[in-house]
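Here is the structure we will look at.
Every chain is numbered from 1 and lettered A, B, ... according to where its sequence line falls, protein lines coming before strand lines.
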There are 2 protein chains.
Amino acid sequence: MNASLPQPKNTFRNLPPEKQERIIAVALAEFAASGYRSASLNNVVKRSEIAKGSLYQYFANKEALFLHIFERFTEVVKAVTREAVASVAAADFFAQLEAILFAGIRFIDEHPDYFQIYLRVLFEQEVPQREALVARLRLFPLEYLGPLYAAGQRRGDIRTDVAPATAVFIVDATLERFLQAYARPYLDSGLGLAASDAQQLRMAVTTVIKVLRDGLSPR
Amino acid sequence: MNASLPQPKNTFRNLPPEKQERIIAVALAEFAASGYRSASLNNVVKRSEIAKGSLYQYFANKEALFLHIFERFTEVVKAVTREAVASVAAADFFAQLEAILFAGIRFIDEHPDYFQIYLRVLFEQEVPQREALVARLRLFPLEYLGPLYAAGQRRGDIRTDVAPATAVFIVDATLERFLQAYARPYLDSGLGLAASDAQQLRMAVTTVIKVLRDGLSPR
DNA sequence: GCGTAATGTGACCAGCTGGTCATATTATGA
DNA sequence: TCATAATATGACCAGCTGGTCACATTACGC
């Protein structure tokens with residue numbers, strides 16, 4: 001079931017950390033810019049100033065390099081999600097949603113290349129183990145959303161006359177699409193996030209959450 | 001503003017229609033399978049059994065071929081949308097949404113390659129005129145959704161104490177995500193559309209629409 | 001200082017890419 | 001019948017790809 005994690009070779013682990021980081025940073029940028037299949041290892045070695053042969057001493061092949069980077073990505077998402085949820089454990093469900101959405105925005109601001117890779121992986125068929133990668137990545141936000149929803153219902157934040165799985169689906173779709181629209185303005189149907197300053201962006205977040213609350217809280 | 005439409009050359013128009021269709025079908029499959037940058041014109045000429053040079057007598061270059069196919073795609077979407085909306089002009093807003101969703105499902109069933117290309121274009125940077133293409137394509141569903149929503153409000157189907165632009169955003173995100181989940185089961189968070197038979201799928205559609213109705217109709 | 005193991009290197013490989021072009025084939029019209 | 005124009009063709013091009021490998025350089029233990 002679990003996708004095999006391809007470790008970098010020991011040679012890579014023995015490298016000075018700053019050299020490791022340089023290589024990872026370059027490869028990350030390359031995959032973000034070109035996706036998996038079109039990413040060029042020649043570019044990677046040129047830009048990180050190592051020899052072609054060296055790259056293959058560090059990673060078995062293109063796939064291993066990509067999977068290693070995606071693995072790091074997953075770890076960051078895990079950490080960010082855990083932290084975001086923990087910081088609002090006491091709040092009501094919709095305040096929690098708002099915090100998650102802000103965490104997503106911060107993630108995009110801080111790790112645009114990771115988000116870019118995510119968007120590409122979503123629909124690029126050649127990505128190795130694509131379905132497993134996407135599933136594993138989305139697991140973390142999602143496995144929080146369900147329990148939070150259930151807790152919210154118990155707490156009385158959320159109406160009980162609505163199918164929970166479907167409601168969670170809609171919430172998830174809304175949050176994810178909001179983040180996509182934030183990162184890709186051409187997906188933004190009518191919210192005008194692109195032209196937003198920080199103030200207007202906060203306002204848009206608040207409004208989305210408010211509509212969800214209006215629709216989902218007990219009447 | 002308007003993206004230039006690259007016509008195929010006259011040589012292509014003069015071809016027997018079945019030959020035209022053969023070439024288009026092969027190219028469509030190739031772009032669907034490999035996206036823009038990785039799509040291989042050598043594959044296209046091989047599979048459609050024409051010479052490399054002939055392809056370049058029909059289309060100026062790869063970009064022109066791709067844009068022509070996307071243009072056809074857009075026309076189909078236009079037609080399908082118009083028809084779906086016209087057929088439920090009299091219904092209430094949520095019945096209209098349901099019809100649109102079913103139309104989307106039918107579209108995916110009938111034109112899986114077009115939908116595949118759409119998903120790829122969404123996030124593949126190298127696609128020529130990507131933003132314009134996506135914008136032009138999404139325009140049609142979207143320019144219907146807004147007015148339908150407004151009409152629904154006037155008719156009393158929809159509560160008036162909720163920001164319309166944001167509500168439309170959520171509805172759009174939900175419908176689009178539903179279709180993506182239908183086509184790409186790994187995106188389906190908890191609805192189980194993949195394992196569905198036709199009956200269960202209809203049920204899932206009904207449920208999603210019901211939750212939207214519960215949330216958006218006047219209380 | 002020396003032998004050995006680990007690491008670094010870039011020329012090289014086959015196979016592919018989008019695109020070109022001289023030439024061969026066919027259709028047209030008088 | 002024949003000249004001319006339109007179309008079909010595939011060998012060819014430079015440039016790229018992921019990956020390999022024989023060899024040079026460095027590090028390490030004695």
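A/E49 places its CD atom 15 Å from the P atom of C/dG8, with the value rounded to the nearest Å. If you measure from atom CZ of B/R37 to atom C1' of C/dC16, you get 14 Å, rounded to the nearest angstrom. If you measure from atom CD of B/Q20 to atom P of D/dA8, you get 11 Å, rounded to the nearest angstrom. Protein atom CD1 of A/I23 is 12 Å distant from nucleotide atom C1' of C/dG8, rounded to whole Å. In this entry the distance linking CZ of B/F59 with P of D/dA8 reads 13 Å, nearest Å. Rounded to a whole Å, the CD atom of B/Q57 is 15 Å from the P atom of C/dT26. Rounded to whole Å, the distance from NZ on A/K46 to P on C/dG8 is 21 Å. In this entry the distance linking CG of B/L55 with P of D/dT7 reads 15 Å, nearest Å.
Sparse packing is recorded around CD of B/E83, with 12 or fewer heavy atoms of other residues, nucleotides or ligands lying under 6.0 Å away.
With C/dG18, D/dT7, C/dG10 as the choices, the nucleotide that has an atom nearest any side-chain atom of B/K62 turns out to be C/dG18. Of the candidates D/dA8, C/dG8, D/dG18, the closest approach to any side-chain atom of B/T11 belongs to D/dA8. Residue A/Y56 places its side chain closer to D/dG19 than to any other of C/dT20, D/dG19, C/dG8. Set against C/dT7, D/dT17, C/dG18, the side chain of B/N42 has C/dG18 as its closest nucleotide. Among the nucleotides C/dT17, C/dG8, D/dA8, the one closest to the side chain of B/Y58 is D/dA8. Comparing D/dT9, C/dT7, C/dG8 by their nearest atom to the side chain of A/K19 picks out C/dG8. Here the side chain of B/L41 is nearest to one of D/dT7, D/dA8, C/dG19, namely C/dG19.
A salt bridge is defined here as a Lys NZ or Arg NE, NH1 or NH2 lying under 4.0 Å from an Asp or Glu carboxylate O, and B/E126 with B/R120 fails to meet this definition. Here B/R184 does not pair with A/E131 in a salt bridge; the nearest charged N to carboxylate O distance is not below 4.0 Å. Of the charged side-chain nitrogens involved, at least one lies within less than 4.0 Å of a carboxylate oxygen, so that A/E21 and A/R72 count as a salt-bridged pair.
The base of D/dG19 is paired with the side chain of A/K52 by a donor and an acceptor separated by under 3.5 Å.
Counting non-hydrogen atoms under 4.0 angstrom, A/A60 reaches nothing in the nucleic acid.
Both the sub-6.0 Å distance and the 45° axial angle are not jointly satisfied by A/K9 relative to the ring of A/F59.
Looking at which nucleotide of DNA chain D each of A/S40 and B/L15 is closest to, the 5′-most match is held by B/L15.
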